[in-house]
Undergrad: 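Mind looking over this structure? Questions follow.
What you see below is based on every heavy atom in this structure, not just the backbone, and it leaves out hydrogens, waters and symmetry mates. Below, chain A is the first sequence line, B the second, and so on; all start at residue 1.
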Number of protein chains: 2
Amino acid sequence: MRLVIARCSVDYAGRLTAHLPSAPRLILVKADGSVSIHADDRAYKPLNWMSPPCTLKESVDGEAVENGAAAVWTVINKAGEKLIITMEEILHDSSHELGVDPGLIKDGVEAHLQELLADRIETLGEGWTLVRREYPTAIGPVDILCRDADGATVAVEIKRRGEIDGVEQLTRYLELLNRDPHLAPVKGIFAAQEIKPQARVLATDRGIDCVVLDYDALRGIEDDKLRLF
Amino acid sequence: MRLVIARCSVDYAGRLTAHLPSAPRLILVKADGSVSIHADDRAYKPLNWMSPPCTLKESVDGEAVENGAAAVWTVINKAGEKLIITMEEILHDSSHELGVDPGLIKDGVEAHLQELLADRIETLGEGWTLVRREYPTAIGPVDILCRDADGATVAVEIKRRGEIDGVEQLTRYLELLNRDPHLAPVKGIFAAQEIKPQARVLATDRGIDCVVLDYDALRGIEDDKLRLF
DNA sequence: TGATCAATATCGCAG
DNA sequence: CTGCGATGTTGATCA
């Protein structure tokens, strides 16, 4: 990893064109080949960057002097996108060996919601039974297919954040499922940890019920169940 | 901006919980208060971070030694999310004054595409006329409303990359607009610099025409127009 | 402040 | 390689 602090201007020509006027910035070159240019704000987001695979070409002293610059770096990738960093003054330049990172261990994410709800399908209503998770259809798997206390089929779409897209998706599934005489009529339930007002309106308008999932409660129930054994 | 290279382990407790085993990493502290932890890969994305506003508390020497660490940093925000960085060995530590950045100048984004197409609505067909950009509806503004050579109303949805969501969005607009007897029947056009195959299939199935926009050509036409004056 | 929408989104997985 | 969903998405704009 190489850290350069330099007063520089930057030009990017690729999926869009962009320009950065001259100012002091951090240029971060990682061992993966990536180059990112950071200001002293915008949190972790760089002003501009090039993702690997790409190649970095540093100007030799002569070239840079011709441009009146201390150095000119050209970063280019296979798609022909180009990042040109013109450094007028280099304030710091150091390199560090970091080695391969063991990586992040995450917990408490989204994939659990489906498992948890499938294991506790009674959360949706007493006497409800699971048909299966990831019920396959021609346009993709339905998160959960189950039956209510009367034996009527219910398709459940699960999201962490319930937005309008999710309602559209569930609508497409319902339309398809309702063509199957073995299943029809199929009701829909839109379940999420948080449901946006517009999504709720659209769902309700289409006769889809909304359920707000409480992750901690579901997990708590799970923990209770586990504790019994 | 402060740059620290240290062998460290990291724990995050917030919207999820995450842990990073000990390894050498870059810890980047910006003037905006943000802290990000970078490995030597993953391009510009940090392994873990805390966004401002947040406060950084560095351990005093005594505390750190008690834990057998060179230093322990605790970063906390108003929501109570917490990032704990335990540094076992500090390999580099430097600070740099960068000042306020003038910021990025972008070109070629969606807003610009909309302007260009509105100014050259004949690109869609001879004799076509603009009604207005950002035509307001109850569910949001339609990018462009125009009329074809026969005076029929056409709603245009513009995207940089045309995906299935954009087609859904346009479909909703069309459904609504077609309820207005002054406008109906309203046709749809899905315009983007790049249209994904699935989006094209869905659009075609719904009777929506697809148009691939050539940004350079549109801008070229604009430049020609400007050059005339 | 909250909702909505775009992004050089990034990233991972499955088909 | 493409599509699709999730993200501690982030960031900007507008009410």
Side-chain angles (χ1 to χ4, degrees), chain A residues 10 12-18 34-37 41-52 54 75 77 79-83 103-104 106-114 134 136 139-141 143 157-166 168-169 172 192-194 196-201, chain B residues 10 12-18 34 36-37 41-52 54 75 77 79-83 103-104 106-114 134 136 139-141 143 157-166 169 192-194 196-202:
Chain A
V10 181
Y12 169 75
R15 276 165 281 187
L16 54 67
T17 58
S34 65
V35 178
S36 25
I37 295 140
D41 58 359
R42 282 152 228 252
Y44 71 75
K45 188 120 203 246
L47 292 161
N48 218 325
W49 70 91
M50 185 72 80
S51 298
C54 61
V75 190
N77 69 5
E81 296 172 353
K82 205 184 279 189
L83 190 68
L104 193 67
K106 284 186 187 180
D107 189 17
V109 245
E110 186 42 48
H112 298 175
L113 272 179
Q114 202 194 90
E134 302 285 344
I139 55 172
D143 286 341
E157 177 65 33
I158 299 172
K159 292 274 181 252
R160 197 180 61 84
R161 285 165 55 198
E163 300 185 15
I164 212 157
D165 288 4
E168 296 286 13
Q169 191 183 353
R172 289 197 295 271
Q193 281 185 285
E194 180 200 349
K196 292 295 177 80
Q198 286 211 348
R200 184 180 292 273
V201 168
Chain B
V10 182
Y12 168 76
R15 276 166 278 187
L16 55 70
T17 58
S34 65
S36 25
I37 295 138
D41 59 359
R42 281 152 231 249
Y44 72 76
K45 186 117 203 248
L47 291 162
N48 219 324
W49 69 93
M50 185 71 80
S51 298
C54 62
V75 191
N77 69 5
E81 294 172 355
K82 206 184 279 191
L83 190 68
L104 193 67
K106 284 185 186 181
D107 192 12
V109 272
E110 188 193 283
H112 199 190
L113 275 178
Q114 197 192 96
E134 301 286 343
I139 55 172
D143 286 341
E157 176 66 31
I158 299 171
K159 291 275 181 248
R160 199 178 57 81
R161 285 167 58 199
E163 302 186 14
I164 213 157
D165 288 5
Q169 192 182 353
Q193 280 186 287
E194 180 200 348
K196 293 293 179 81
Q198 286 213 348
R200 184 180 292 274
V201 168
L202 185 63

Undergrad: Could you tell me the separation between the CD atom of A:Gln169 and the P atom of D:dA6, rounded to a whole number of Å?
TA: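 Atom-to-atom, A:Gln169 to D:dA6, this comes out as 7 Å.
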
Undergrad: Taking only residues two or more places apart in sequence, or in another chain, which ones meet B:Arg200 in a side chain to side chain contact (heavy atoms under 4.5 Å, CB included)?
TA: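 Testing B:Arg200 for side chain to side chain contact (heavy atoms under 4.5 Å, CB included), a comparison that skips the adjacent residues, returns B:Ile195, B:Thr204, B:Cys210, B:Val212.
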
Undergrad: Starting from C1' on D:dC1, measure out to NZ on B:Lys196 and report it in whole angstrom.
TA: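 It is 11 Å, rounded to the nearest whole Å.
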
Undergrad: Examine D:dT9: is either OP1 or OP2 under 4.0 Å from a nitrogen or oxygen in the side chain of B:Trp49? Give yes or no.
TA: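 Answer is no, no contact under 4.0 Å.
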
Undergrad: Starting at atom CG of A:Leu47, determine the distance to atom C1' of C:dA7, rounded to an integer number of angstrom.
TA: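 About 15 Å, once rounded to whole Å.
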
Undergrad: I need the CD-P distance between B:Gln193 and C:dA6, as an integer number of Å.
TA: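 Taking atom P of C:dA6 as the reference, CD of B:Gln193 is at 14 Å.
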
Undergrad: Would you give the length of the straight line joining atom CZ of B:Arg42 to atom CG of A:Leu104, rounded to the nearest 0.5 angstrom?
TA: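 Separation between the atoms: 7.5 Å.
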
Undergrad: Nearest whole Å is fine: how far is C:dT10 P from A:Leu104 CG?
TA: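 Answer to the nearest Å: 19 Å.
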
Undergrad: Once rounded to the nearest 0.5 Å, what's the spacing between atom CD of B:Gln114 and atom CD1 of B:Ile158?
TA: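 One gets 5.0 Å once the value is rounded to the nearest 0.5 Å.
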
Undergrad: Can you measure B:Glu134 atom CD to D:dT13 atom C1' for me and round it to whole angstrom units?
TA: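 Those two atoms, CD and C1', are 11 Å apart.
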
Undergrad: Whole-Å distance between C:dC5 P and B:Arg161 CZ?
TA: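 Whole-Å distance recorded here is 18 Å.
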
Undergrad: For A:Met50, answer base if it contacts any base atom (sugar-phosphate contacts may also be present), sugar-phosphate if it contacts only those atoms, and nothing otherwise; contact means non-hydrogen atoms under 4.0 Å.
TA: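 Result for A:Met50 = nothing.
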
Undergrad: Write down the distance separating the P atoms in D:dT7 and C:dA7, rounded off to the nearest Å.
TA: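 Comparing P positions in D:dT7 and C:dA7 gives a spacing of 22 Å.
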
Undergrad: Of B:Pro141 and A:Glu81, whose nearest nucleotide on DNA chain C comes first from the 5' end?
TA: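 With B:Pro141 and A:Glu81 compared, the 5'-side residue is B:Pro141.
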
Undergrad: Could you pull out the protein-nucleic contacts involving nucleotides 11-15 of chain C (nitrogen or oxygen on both sides, under 3.5 Å)?
TA:
from: C:dC11; atom 1: OP1; to: B:Arg42; atom 2: O; distance (Å): 3.4

Undergrad: In chain order, what residues pass the side-chain hydrogen bond (donor to acceptor under 3.5 Å, both in side chains) check against B:Ser34, with sequence neighbours excluded?
TA: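 side-chain hydrogen bond (donor to acceptor under 3.5 Å, both in side chains) list for B:Ser34, sorted by chain: B:Asp32.
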
Undergrad: Once side-chain hydrogen bond (donor to acceptor under 3.5 Å, both in side chains) is applied, do any residues pair with B:Glu163, and if so which ones, sequence neighbours excluded?
TA: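 Checked B:Glu163 against side-chain hydrogen bond (donor to acceptor under 3.5 Å, both in side chains); matches are B:Arg161.
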
Undergrad: For B:Ile164 and D:dG5, give me the distance from atom CD1 to atom P, rounded to whole Å.
TA: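 The answer, rounded to whole Å, is 8 Å.
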
Undergrad: State which residues pass side chain to side chain contact (heavy atoms under 4.5 Å, CB included) with A:Asn77; sequence neighbours excluded, sorted by chain then number.
TA: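 For A:Asn77 the side chain to side chain contact (heavy atoms under 4.5 Å, CB included) partners, ignoring immediate neighbours, are A:Met50, A:Cys54, A:Ala79, A:Glu81.
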
Undergrad: Only counting residues at least two apart or in another chain, list the ones meeting side-chain hydrogen bond (donor to acceptor under 3.5 Å, both in side chains) with B:Gln169.
TA: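 Only B:Lys159, B:Tyr173 meet the side-chain hydrogen bond (donor to acceptor under 3.5 Å, both in side chains) criterion with B:Gln169.
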
